[in-house]
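Okay, so here's the structure we're looking at.
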2 protein chains.
Amino acid sequence: MDQKDRQIVRALQRDARMTNQDLAAEVNLSPSPCLRRVRNLEKSGAIRGYAALVDEAAYGLPVTVFVRVSLARHTEEAVQQFEAAVARVDQVLECFVMTGVQDYLLRVVVADLPDYERFVRRRLHTIGGIASIDTSFVYGVVKRTSVLPVV
Amino acid sequence: MDQKDRQIVRALQRDARMTNQDLAAEVNLSPSPCLRRVRNLEKSGAIRGYAALVDEAAYGLPVTVFVRVSLARHTEEAVQQFEAAVARVDQVLECFVMTGVQDYLLRVVVADLPDYERFVRRRLHTIGGIASIDTSFVYGVVKRTSVLPVV
DNA sequence: GCCTCCATTGGCATAATATTCCAATATAGT
DNA sequence: ACTATATTGGAATATTATGCCAATGGAGGC
């Protein structure tokens, strides 16, 4: 991935639906080589896909929660089971394995507080093997971008 | 936003570059009304934009860090100053105001550990007014989706 | 310093897609 | 049941993507 690829990537992080012609103009290429670069980035996996950014509140899920989870045991089996189970839960949009005391950080979207309680009781605790759950609600968004910094 | 709009939104979260014709087929509409719905969702702000999903490692920034920040004082002025400053830092992709002891949760991407140290010393601490910083590195990704759950 | 080879590029023709308009259909309120 | 309003589907047109081929540019060898 050279500088031109990175330029293309940043442009598409800003607006994934811009036309190839506009993209080509922005990175100073003609459309053909520009499109070829994009296709190569897709094939190589550097571009994992394209996603619409949606206002969760407008969609009907205005509450975002970050949940930190610790497992009771860390056997291969317990870990695998938790990770497979959590991946199946639709409300969990992201789940990261983290350094520190807590094992996982989850980003979860729900409709309201009662909905979050239901989520914890029916979706999380039913997985089993969880030692502790630490919940933080999102009050507000200061910044939210997809565009990676220039390297 | 009705069920059809939500279907459209989920489809575009899965693949923002699918053609309007395929989208229309998926939600059982003809292309014209489907495109009109998409445009309305864009105008109303329900769709905030479209972003390419990029492999940070392939791009050259393989280290993702979640940083929790507390401010020393919570005067209107100190808060505004911090938020404006953090929004200007390119390595900070997301910054949320959170409930709990810590005030903010930041998602940061860097090249490596020395790069993270530079980031904290030159970008974060120089902002001023920060009482504490708590760092957690991302070891691995269990799940990562843009698609909101069905409501 | 020149030449050769390989990767990348630009332009053109064609195919696919988006966009706009209008008539037809469906929906909600009275 | 009737009217007003919003939404739909289809066809014509404008944009855009795509694939092919000749041309260009740059790195390494002589």
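Since we're looking at a predicted model, the values are computed, not measured. Side chains are part of it too, since the values below use all heavy atoms of this structure and drop only hydrogens, waters and symmetry mates. Quick note on labels: first sequence line is chain A, next is B, and so on, each numbered from 1.
- When DNA chain C is scanned 5' to 3' for any atom under 4.0 Å from a heavy atom of chain B, the first and last hits are C:dT17 to C:dT20.
- Taking 4.0 Å as the cut-off between side-chain N and carboxylate O, A:Glu42 and B:Arg17 do not count as a salt-bridged pair.
- Remark: aromatic rings of A:Tyr139 and B:Phe96 are distant, center separation not under 6.0 Å.
- At a threshold of 4.0 Å, the pair B:Arg107-A:Glu94 does not count as salt-bridged, since none of the basic side-chain nitrogens sits closer than that to a carboxylate oxygen.
- For the residue pair A:Gly45 and B:Asp55, the shortest heavy atom distance occurs at O-CB, 3.6 Å.
- With A:Val67 as the fixed residue, the side chain to side chain contact (heavy atoms under 4.5 Å, CB included) test singles out one of A:Val108, A:Val92, A:Leu105: A:Val108.
- Every residue two or more places apart in sequence or in another chain that forms a side chain to side chain contact (heavy atoms under 4.5 Å, CB included) with A:Asp103 is listed here: A:Ser70, A:Leu71, A:His74.
- Contacts between residues 29-54 of chain B and DNA chain C, defined by a heavy-atom separation under 4.0 Å, are made by B:Ser32, B:Leu35, B:Arg39.
- Side-chain N/O atoms of B:Glu83 and B:Tyr104 include a donor and acceptor closer than 3.5 Å.
- Minimum interatomic distance between A:Pro149 and B:Gln91 (heavy atoms only, all atoms of both residues): CG-CA, 4.1 Å.
- Interface limits on DNA chain D: the 5'-most and 3'-most nucleotides within less than 4.0 Å of chain A heavy atoms are D:dT16 to D:dG19.
- Put simply, the side chain of A:Val63 does not reach to within 4.5 Å of the side chain of A:Leu113, judged on heavy atoms.
- Counting non-hydrogen atoms of other residues, nucleotides and ligands closer than 6.0 Å to CD of A:Gln3 gives a total above 12.
- No side-chain donor from either of B:Arg121 and B:Tyr116 sits under 3.5 Å from a side-chain acceptor of the other.
- The stretch residues 19-28 of chain B comes close to DNA chain C through B:Thr19, B:Asn20, B:Gln21, each having a heavy atom under 4.0 Å from the strand.
- For A:Tyr50, the ring pair (Phe, Tyr, Trp, His ring centres under 6.0 Å) criterion is met by no residue, not counting sequence neighbours.
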